Amino acid sequence: MAEATSTADPDPAAIAALKHVGLVGGLTETKVSCAALGDRLDASTQTASRRLQTLESAGYIERDVVGDGQWVRVTDAGEAALRAEYADYRRLFETDVELVLRGAVTGGMGEGRHYITLPGYAEQFRTRLGYEPFPGTLNVDLSEESVRRRGEMAGIDAVPIDAWEDEDRTYGAASCYGVTLVADGERYEEVHAIVPDRTHHDDDQLELIAPERLRDALDLADGDAVEVRVAATSRADAPENEAEMETEVA
Ligand SMILES: Cc1cc2nc3c(=O)[nH]c(=O)nc-3n(C[C@H](O)[C@H](O)[C@H](O)COP(=O)(O)O)c2cc1C
Ligand SMILES: Nc1ccn([C@@H]2O[C@H](COP(=O)(O)OP(=O)(O)O)[C@@H](O)[C@H]2O)c(=O)n1
Ligand SMILES: [Mg+2]
């Protein structure tokens, strides 16, 4: 299987503690006492202390212990976990929620083309997305705000692309989110944001695939501003395609 980039156990009790830390100012930095946190969580001081330890080892908070308490900061990973919760609630109570990520077109490492055309991926794109992608990924350098907001993608249904292997090595899994790409007022609908489990890029790069070369279709050059609108639900045909895939494999 893919050696997935570490995702901590989303223990609901730890997330509840993280929410409280955020609410008392932890998204910047705040002083927390385990007794006060325990009160807010309706739990003992020891339990509150354990929750903070769990959050720290999951990489969701950083802390400096001082004499009368501790200074706690929610990390980027912690904020992403909170935003994923937030996205779930938005989906519960709002309809047609769209996540809009903004950034600029950029060149990457020239590897996207290689991965997109590997047979183990290409066949899955064909059956699950319903098209053969242009060989490559259009890379978008996300704005700071969008880097923070991309955590909300965790609450949105994606088309899964499975890990696979050939005789030499294993290839990681990926998730494909149906998106609309908007540039200079023009919209291009048949696009997916592809998020590989293993990648050389940081969170600030979002990679897009489409049947066509998007630089041509939307007349894009490096530095051009784009909007990536992520639909809150997956494309209606995705599960059907998956069923087709299983039938083919069987
Ligand atoms: C479908 C897909 C699967 C990938 N699988 C792997 C992988 O198994 N191992 C790996 O190191 N990188 C993998 N990558 C990520 C590439 O290493 C790299 O981060 C990125 O795609 C490079 O794109 P660029 O040339 O546009 O910069 C994958 C990328 C895609 C699009
Ligand atoms: N659907 C797509 C996919 C890639 N591309 C572009 O096609 C080229 C090859 O993609 P790539 O991922 O191998 O290269 P880089 O993104 O690393 O530059 C790049 O210039 C991408 O921006 C595109 O315009 N439309
Ligand atoms: Mg690319």
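Excluded from the calculations below are hydrogen atoms, water molecules and symmetry mates; all remaining heavy atoms, backbone and side chain alike, are included. As the structure is a prediction and not an experimental result, all values here were calculated from the model. Order of listing sets the numbers, starting from 1, for every ligand and every atom in it.
Protein heavy atoms come within 4.0 Å of atom 3 (C) of ligand 2.
Salt bridge status for Asp64 with Lys31: absent, with no side-chain N to carboxylate O gap under 4.0 Å. Between Glu227 and Arg229, at least one side-chain nitrogen of the basic residue sits less than 4.0 Å from a carboxylate oxygen of the acidic one, meeting the salt-bridge criterion. In this structure, Arg83 pairs ionically with Glu79, as a charged nitrogen and a carboxylate oxygen lie closer than 4.0 Å. Contact check on Arg187 versus Glu189 returns a salt bridge, with a Lys/Arg side-chain nitrogen under 4.0 Å from an Asp/Glu carboxylate oxygen. The pair Arg73-Glu29 meets the salt-bridge criterion, with a side-chain N (NZ, NE, NH1 or NH2) lying under 4.0 Å from an Asp/Glu carboxylate O. A salt bridge does not link Glu145 to Arg102: none of the charged side-chain nitrogens sits closer than 4.0 Å to a carboxylate oxygen.
Contact annotation: for His114 versus ligand 2, there are no heavy atoms closer than 4.0 Å. Contacts between Arg213 and ligand 2 below 4.0 angstrom, taking non-hydrogen atoms only, involve backbone and side chain alike.
Residue Arg198 holds the heavy atom nearest to atom 14 (N) of ligand 1 of all those in Arg198, Arg113, Gln205. Scanning His192, Arg113, Arg215 for the heavy atom closest to atom 20 (O) of ligand 2 points to Arg215.
For atom 9 (N) of ligand 1, the closest non-hydrogen atom of the protein is Arg169 NH2, 3.4 Å. The closest protein non-hydrogen atom to atom 29 (C) of ligand 1 is Pro196 CG, 3.6 Å. Among protein heavy atoms, the minimum distance from atom 18 (C) of ligand 1 is reached at Glu111 OE1, 3.8 Å. In this structure, atom 5 (N) of ligand 1 lies nearest to the protein heavy atom Tyr121 OH, 3.1 Å. Looking only at heavy atoms of the protein, atom 2 (C) of ligand 1 is closest to Tyr115 CB, 3.9 Å.
The minimum heavy-atom distance linking Asp219 with Asp224 is given by the pair O-OD2, 3.8 Å.
Residue Lys19 qualifies as open at atom NZ: its count of foreign heavy atoms under 6.0 Å is 12 or below. Counting non-hydrogen atoms of other residues, nucleotides and ligands closer than 6.0 Å to CG of Asp76 gives a total of 12 or fewer.
Applying the 4.0 Å criterion to heavy atoms of Gly108 picks out, from ligand 1, the atoms 27 (O). Close contacts between ligand 1 and Gly172 involve ligand atoms 7 (C), 8 (O) [criterion: under 4.0 Å to a heavy atom]. Ligand-side atoms of ligand 1 in range of Ile116: 31 (C), range being under 4.0 angstrom from any heavy atom. Here is the list of ligand 1 atoms found below 4.0 Å of a heavy atom in Asn139: 24 (P), 26 (O), 27 (O). Close approach to Ile194 involves these atoms of ligand 1, each under 4.0 Å from a residue heavy atom: 1 (C). Atoms of ligand 1 found under 4.0 Å from any heavy atom of Glu207, numbered from 1 in the order shown, are 20 (C), 21 (O), 22 (C), 23 (O), 24 (P), 26 (O). Contact atoms of ligand 1 toward Tyr171: 8 (O) (distance under 4.0 Å to a heavy atom of the residue).
Below 30°, between 30° and 60°, or above 60°: for Trp164 and Tyr121 the angle between ring planes is above 60°, a perpendicular geometry.
Around the Mg ion (ligand 3), the angle linking Asn139 (OD1) with Thr137 (OG1) is 90°, rounded to 10 degrees.
Remark: ligand 1 and Thr199 share an N or O pair separated by less than 3.5 Å (distance only, no angle test). Residue Leu208 places no N or O, backbone or side chain, under 3.5 Å from any N or O of ligand 2. Ligand 1 has a nitrogen or oxygen under 3.5 angstrom from a nitrogen or oxygen of Gly112.
Remark: Arg128 fails to qualify as a cation-pi partner of Phe125 under the 6.0 Å distance and 45° angle criteria applied to the six-membered ring.
Here the side chains of Asp162 and Gln124 are in contact, with some heavy-atom distance below 4.5 Å.
Judged by the shortest distance from any of its heavy atoms, Gly110 lies inside the 4.0 Å radius around the atoms of ligand 1.
Note that CD of Glu207 is 7.5 Å distant from CD1 of Ile194, once rounded to the nearest 0.5 Å.
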